[in-house]
Amino acid sequence: MLQGKHILLGITGGIAAYKICTLIRDFKKAGADVQIIATPNALNFVTKLTLQNLSQNEVFVEEFNVKDWKPEHISLSDWADIMLIAPASANTIGKIAQGIADNLLTSVACAFSKKIILAPAMNVNMWNNEAVQQNLKILQMRGVEYLPPESGFLACGYTGKGRLCSLDKIYNAVDEALNYSQMYKGKKVVITAGGTIEEIDPVRYISNYSSGKMGLALAKTANDMGAEVVFITTKDFDVPFKKVLVKSALDMQNAVNEEFDSADYIIMAAAVADYRVKERSEQKIKKGEQNTITLELVKNPDILSELCKRKTSASLEGELSEGQRAGIIVGFCAESENLMENAKAKIEKKGCDYLIANDISRSDIGFNSDENEVTILDNNGAIKKISKAPKNVIARKILECINTK
Ligand code: PMT
């Protein structure tokens with residue numbers, strides 16, 4: 001499965017460096033090409049000659065050993081399909097998290113725009129250090145995956161968490177990232193994000209606290225997984241795929257409808273206003289003498305329900321024309337109470353294939369937070385809980401779960 005893949009392996013200074021020799025052999029046996037960057041401290045634990053022989057490639061250590069017009073930190077990052085750092089020391093984790101690039105390994109990591117996997121290994125007290133945990137969180141938020149160390153007897157004499165995780169786990173994570181991650185290749189995924197803006201007059205509007213972060217994480221992850229992404233958003237994020245910037249629920253509905261026929265997946269992560277003002281005032285509404293004013297609101301269309309109805313009737317009546325796809329429709333459900341009860345009722349009422357339920361009464365997840373915790377319901381009654389994690393990790397798990405291949 002790793003035939004022809006380019007694995008860039010970073011090795012930092014820790015006793016677990018010796019274990020990585022076996023992993024290099026496994027990667028080579030599976031057909032991968034492995035290039036190694038060792039920090040100077042890594043060479044205190046394993047020799048350059050050993051790494052060179054196992055990888056059958058030159059081992060890079062020095063940053064300014066420039067032989068070519070392209071410096072190593074650029075050419076190696078261009079060459080690699082993935083970067084694995086194992087063992088990853090507290091020092092290197094900290095530098096990468098803070099954007100410090102003071103040796104070849106950290107410079108390459110800083111210039112690396114593809115997937116990075118870390119396999120930390122260190123003393124238990126270092127692992128438990130708040131700074132190390134914060135740095136890992138920062139990296140995780142940016143899409144770096146890390147494989148937590150295991151508990152056991154540590155080379156430093158302590159017993160506890162800090163031992164490099166099993167080589168099988170590292171191998172599988174690399175394999176999965178390189179192969180499995182392209183599961184949306186050839187699929188069109190439409191994702192909505194942000195709170196809709198329902199204007200009252202030229203200066204005021206009705207909206208909600210949705211930051212668009214959950215939708216953005218889904219869009220970026222789907223893009224990384226090979227999908228053709230159409231991102232319909234009320235927030236103007238800079239993204240490397242098609243973006244349709246919208247304001248109101250009606251704008252969003254038009255944009256989604258336009259993509260409906262050719263979409264394989266539609267994911268409604270946006271928080272759509274249920275009501276809009278009946279008549280938007282052309283001019284700023286002036287403060288008058290009265291102490292109260294009344295805004296008359298009218299119901300917005302339920303975009304999700306209407307998409308589901310459209311899909312059902314097209315499928316039932318065999319109306320799907322050539323090239324038209326009855327895409328998988330995924331709704332979100334933001335609840336401040338009775339989450340599961342409301343979610344179960346909502347999936348039934350809206351008629352979508354999946355519903356992602358999240359609790360917006362908590363400040364650490366849901367609206368405008370960097371993390372989320374969700375429960376995925378499907379229309380057969382199956383339920384899957386995904387525990388609290390950064391939104392990009394949640395996005396990946398959702399996309400893996402709803403994928404029908
Ligand atoms: O954007 P973040 O700050 O990251 O926060 C993420 C989130 C909490 C907004 C997101 O995870 C979420 O829950 N989005 C859905 C919010 C919502 O509108 O929930 P709802 O229960 O009111 O609606 C259920 C579903 O129907 C949603 O998929 C919604 O997009 C859709 N809907 C709702 C109303 C409407 N008129 N049309 C719709 O299509």
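For ligands, and for the atoms within them, numbers begin at 1 and follow the listed sequence. Atom set for the values below is all heavy atoms of this structure, side chains included, hydrogens, waters and symmetry mates excluded.
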Novice: Listed by chain and number, what are the side-chain contact (heavy atoms from CB on, under 4.5 Å) partners of P148, not counting sequence neighbours?
Specialist: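 Only Y146, K161 meet the side-chain contact (heavy atoms from CB on, under 4.5 Å) criterion with P148.
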Novice: Can you find a side-chain donor-acceptor pair between Y205 and S248 that sits under 3.5 Å?
Specialist: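 The answer is no; no qualifying pair exists.
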Novice: Tell me, which residues have any heavy atom less than 4.0 Å from some atom of ligand 1?
Specialist: S210, S211, G212, K213, M214, M268, A269, A270, A271, V272, A273, D274, P301, D302, I303, L304, G331, F332, C333, A334, K346, K350, N358, I360, G366, F367, N368, K391
Novice: Please identify each residue that fulfils salt bridge (charged side-chain N to carboxylate O under 4.0 Å, His left out) with E306, with sequence neighbours left out.
Specialist: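 Partners of E306 under the salt bridge (charged side-chain N to carboxylate O under 4.0 Å, His left out) test: none.
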Novice: How would you list all residue pairs meeting side-chain hydrogen bond (donor to acceptor under 3.5 Å, both in side chains) that involve residues 116-129, not counting sequence neighbours?
Specialist: none
Novice: Can you confirm whether the side chains of T106 and K95 place a donor and an acceptor under 3.5 Å from each other?
Specialist: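 No, no side-chain donor-acceptor contact under 3.5 Å.
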Novice: So that I can tick it off, tell me whether E373 and K385 are bridged by a salt bridge, with the cut-off set at under 4.0 angstrom between side-chain N and carboxylate O.
Specialist: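 Salt bridge present between K385 and E373.
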